[in-house]
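Values in this document were obtained by computation on a predicted structure and should not be read as measured data.
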Amino acid sequence: MGRYVYSLHDYHSIKRAVIDIDGVTVLSGVNGCGKSTLSKWLYYVVNGTNDFDKYVFADFVGRIRRIVHKLSFAVRDIERGGSDESSSFLQIAEFRLMRYNYIKNGLDSVDDVLALHEKVITRFCDALRKYLKGSPSPSASERLLNFLEISLDDYATADEAVEALSQKYMQEATDIVDEYRREKETRRKEYFLKLITREFKIDYKAPNNIQLEEDGVKLFRKNLVGGFYNLDRAIYVDTPMAVSEYGGRDNPFWDNLRSLMLRDRNGFEPDAPCKRILMRIRRLLNGRVEIEKNDFDQNEMHYVREDGLDIRLEDTATGFKSFSYIMRLLENGYINDKTLLMIDEPEAHLHPQWIVEFAHILVLLNKELGAKVMVASHNPNMVEAIQAVAKKLGVLENTHFYMAKEAENRFTYEYEDLGQDVEGVFKSFNVAYQKIEQYGSVDI
């Protein structure tokens with residue numbers, strides 16, 4: 001099943017955090033202490049590692065596409081007022097390259113990309129030769145050639161200049177392929193962080209002091225990136241509203257969650273433990289979640305109650321959404337012993353009774369299915385329920401509680417390992433009651 005130790009130091013508000021993840025892990029602390037930052041970077045690292053080959057290939061294709069885009073832009077100027085056959089061809093080539101952005105069946109399409117690139121160069125150079133032989137105005141030809149970074153003064157004829165340009169772009173593609181294969185093989189940490197920063201649209205600097213160990217083996221060693229044997233995916237839910245049809249565009253967590261929920265895995269059959277958890281959720285909701293077509297023939301999620309009520313999941317109470325995403329992930333087989341499920345404030349929008357039920361579900365995901373669960377919570381009911389259920393189900397040993405405490409430097413926090421004891425968490429919650437007493441004793 002795998003045991004993980006996740007560490008992040010000296011990053012944003014986090015001074016030091018060393019977190020055990022081998023069952024259910026609970027993070028508590030005041031707002032702004034870095035709980036979400038910990039979850040997000042754990043998500044980036046896990047999925048970035050498992051999808052590294054896909055991302056490095058997408059980077060390779062992107063660099064080839066930039067060449068094609070540049071030539072496509074130039075050929076429109078070449079063919080202005082004349083035939084646009086080459087222009088159309090290059091635009092189609094750009095579109096086709098988009099299809100190569102992901103590896104399929106574990107194989108890349110380097111040869112296909114290079115063959116298409118060669119056709120583009122040949123087509124473009126043919127159009128450029130005709131253009132230069134057509135006696136364009138000196139200023140127009142000079143402007144175009146400057147854009148292409150070539151000068152006719154360096155060559156005896158225009159044909160030689162065009163041939164040199166062709167060789168330049170072919171060599172550039174060859175260099176890009178060599179770099180792709182080198183990066184794929186070496187898996188440099190610096191390049192890895194660059195890739196995931198772009199892929200997940202991260203607009204701030206990546207942390208230097210980040211590490212994730214699997215069964216005592218470090219992911220980052222000698223500035224290179226290893227891999228995982230027992231962890232296929234991380235799912236991060238920052239709010240139940242992530243299941244909503246609208247909003248959250250370009251949010252990688254929302255996009256990923258909705259994609260997993262909407263997917264129809266034909267042939268997948270939940271095992272007996274999974275079915276028991278699903279039955280428990282269905283009884284709570286008095287219904288199920290189904291995928292239906294909307295007026296635009298697009299898939300959307302619906303809540304279907306046992307009495308026949310059928311409404312979009314978008315329009316249900318937020319508490320329903322919390323249980324619904326767990327249900328759909330289970331039905332599609334995305335929660336298992338190689339899954340890390342991270343949830344920010346799962347108690348938000350839940351009735352106290354449902355907080356206990358949700359805590360029960362989270363512990364069952366670990367005990368019955370082997371999933372790793374990491375929760376950030378401000379709610380004493382959620383923390384206490386997780387501890388109580390874990391104890392009752394015999395998994396308290398693999399349940400860990402951490403409390404963020406202010407470090408010596410103000411506004412930075414260190415995460416204290418409380419083991420299985422939640423007393424330290426409740427002490428922090430008691431501050432709220434002290435505030436109530438303080439304000440209640442003041443005359444207004």
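- How far CD of E172 is from CD1 of I121: 8.5 Å, rounded to the nearest 0.5 Å.
- A distance-only check finds no donor-acceptor pair linking the side chain of S72 to the backbone of V68 [under 3.5 Å].
- Checking side-chain atoms of E345 against main-chain N and O of H378 turns up no donor-acceptor pair under 3.5 Å.
- Contact of the L231 side chain with the K338 side chain is not registered, since no non-hydrogen atoms from C-beta on lie closer than 4.5 Å.
- Using a 4.5 Å heavy-atom cutoff, the side chains of R328 and E331 are in contact.
- The shortest distance between side-chain heavy atoms of V5 and V18 falls below 4.5 Å.
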Under the criterion salt bridge (Lys or Arg N to Asp or Glu O under 4.0 Å), I'd like the reasoning laid out for E149 against K70: C-alpha separation, chi angles, the key distance, then a yes or no. CA-CA 11 Å; E149 300 178 69; K70 180 176 183 177; 3.0 Å; yes

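- At least one donor-acceptor pair closer than 3.5 Å links the side chain of K367 to the backbone N or O of L393.
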Test I235 against L340 for side-chain contact (heavy atoms from CB on, under 4.5 Å), laying out the working first. CA-CA 6 Å; I235 302 170; L340 170 60; over 6 Å; no

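- Heavy-atom neighbours of K119 NZ from other residues, nucleotides or ligands within 6.0 Å: at or below the threshold of 12.
- Under the 3.5 Å distance criterion, with hydrogens and angles disregarded, no donor-acceptor pair is assigned to the side chains of Y191 and E183.
- Under the 4.0 Å criterion applied to side-chain N and carboxylate O atoms, E300 and K293 are not assigned as salt-bridge partners.
- Aromatic pair F73/F147: centroids less than 6.0 angstrom apart.
- No side-chain heavy atom of T25 sits less than 4.5 Å from a side-chain heavy atom of V375.
- Two residues are said to be in side-chain contact when any heavy atoms from C-beta on lie closer than 4.5 Å; V225 and F220 meet this criterion.
- A salt bridge links R3 with D20: at least one charged nitrogen is closer than 4.0 Å to a carboxylate oxygen.
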What's the verdict on side-chain contact (heavy atoms from CB on, under 4.5 Å) for F60 and V110, showing C-alpha distance, side-chain angles and the deciding distance? CA-CA 9 Å; F60 153 68; V110 170; 4.0 Å; yes

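- When all heavy atoms are compared, the tightest approach of A173 to L114 is CB-CD2, 4.1 Å.
- In this structure, N286 CG and D307 CG are separated by 8.5 Å, a value rounded to the nearest 0.5 Å.
- The shortest heavy-atom contact between D421 and F401 is O-CB, 4.2 Å.
- Rounded to the nearest 0.5 Å, atoms CZ (R280) and CD1 (I326) are 13.5 Å apart.
- Pairing each heavy atom of L38 with each of A17, the nearest pair is CD2-CB, 3.9 Å.
- By the 4.0 Å N-to-carboxylate-O rule, K40 lies too far from D238 to be salt-bridged with it.
- Looking at D51, its side chain never comes within 3.5 Å of a backbone N or O of K54 through a donor-acceptor pair.
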Determine, stepwise, if the pair D10 / R16 fulfils salt bridge (Lys or Arg N to Asp or Glu O under 4.0 Å). CA-CA 6 Å; D10 298 315; R16 182 178 183 275; over 6 Å; no

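- Relative to the ring axis of Y303, R312 does not place its NZ or CZ within 45° and under 6.0 Å from the centre.
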Run L148 and L71 through side-chain contact (heavy atoms from CB on, under 4.5 Å) and show every step you take. CA-CA 8 Å; L148 297 172; L71 301 185; 3.9 Å; yes

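- Between the K321 side chain and the T316 main chain, a donor and an acceptor come within less than 3.5 Å of each other.
- Under 3.5 Å, the side chains of H400 and D22 contain a donor-acceptor pair of N or O atoms.
- In this structure, Q353 places its CD atom where only 12 or fewer heavy-atom neighbours from other residues, nucleotides or ligands lie under 6.0 Å away.
- Two residues are said to be in side-chain contact when any heavy atoms from C-beta on lie closer than 4.5 Å; R233 and N50 fail this criterion.
- Residues Y236 and D344 have side chains that bring a donor and an acceptor to within less than 3.5 angstrom of each other.
- Salt bridge E213/R221: absent, no basic N to carboxylate O contact under 4.0 Å.
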Stepwise, does the side-chain hydrogen bond (donor to acceptor under 3.5 Å, both in side chains) test hold for T186 with R182? CA-CA 6 Å; T186 58; R182 184 169 57 252; over 6 Å; no

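- Between L42 and I21 there is a side-chain heavy-atom pair separated by less than 4.5 Å.
- Ring centers of F323 and W354: under 6.0 Å apart, within the cut-off.
- The cationic group of K15 does not satisfy the cation-pi geometry with Y413, failing either the under 6.0 Å distance to the six-membered ring centre or the 45° limit from the ring axis.
- The nearest pair of heavy atoms linking M374 to S39 is CE-OG, 3.6 Å.
- Atoms CD1 and CZ, from I176 and R181 in turn, are 12.5 Å apart once rounded to the nearest 0.5 Å.
- Separation of atoms NE2 (H351) and NE2 (H349) is listed at 15.5 Å; rounding is to 0.5 Å.
- Listed for the T399 side chain is a donor-acceptor partner under 3.5 Å among the backbone atoms of V395.
- Distance check: N256 CG to N47 CG gives 6.5 Å after rounding to the nearest 0.5 Å.
- Residues S259 and R263 bring a donor and an acceptor atom of their side chains to less than 3.5 Å of each other.
- Ion pairing of K391 with E397 is absent here, as no side-chain N (NZ or NE/NH1/NH2) approaches a carboxylate O to less than 4.0 Å.
- When side chains are defined from C-beta on, Y4 counts as touching L212, because their heavy atoms get closer than 4.5 Å.
- Close placement of the F200 and Y43 rings is indicated, their centers lying within 6.0 Å of each other.
- Aromatic pair Y169/H117: ring centres not closer than 6.0 Å.
- In this structure a side-chain-to-backbone donor-acceptor pair under 3.5 Å is missing from R187 to F192.
- The backbone N or O of Y334 sits less than 3.5 Å from a side-chain atom of T339, completing a donor-acceptor pair.
- Checked by atom type and distance alone, the side chain of S13 pairs as donor or acceptor with a backbone atom of G32 at under 3.5 Å.
- The number of heavy-atom neighbours closer than 6.0 Å to CD of E118, taken from other residues, nucleotides and ligands shown, is 12 or below.
- Judged purely by distance below 3.5 Å, without hydrogens or angles, the side chains of E347 and S377 pair a donor atom with an acceptor atom.
- By the 6.0 Å contact criterion, OH on Y229 is open, its count of non-hydrogen atoms from other residues, nucleotides or ligands being 12 or less.
- Stacking of K184 on the aromatic ring of F57 is not recorded, the 6.0 Å distance cut-off and the 45° axial limit not both being met.
- Between R288 and E290, at least one side-chain nitrogen of the basic residue sits less than 4.0 Å from a carboxylate oxygen of the acidic one, meeting the salt-bridge criterion.
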Kindly determine whether F358 and I343 satisfy side-chain contact (heavy atoms from CB on, under 4.5 Å), including the steps that lead there. CA-CA 11 Å; F358 200 89; I343 310 175; 4.0 Å; yes

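- Summarising the local packing, NZ of K405 is surrounded by 12 or fewer heavy atoms from other residues, nucleotides or ligands at distances under 6.0 Å.
- A salt bridge links E269 with K275: at least one charged nitrogen is closer than 4.0 Å to a carboxylate oxygen.
- D271 places a side-chain N or O within 3.5 Å of a backbone atom of C274 that can act as its donor or acceptor partner.
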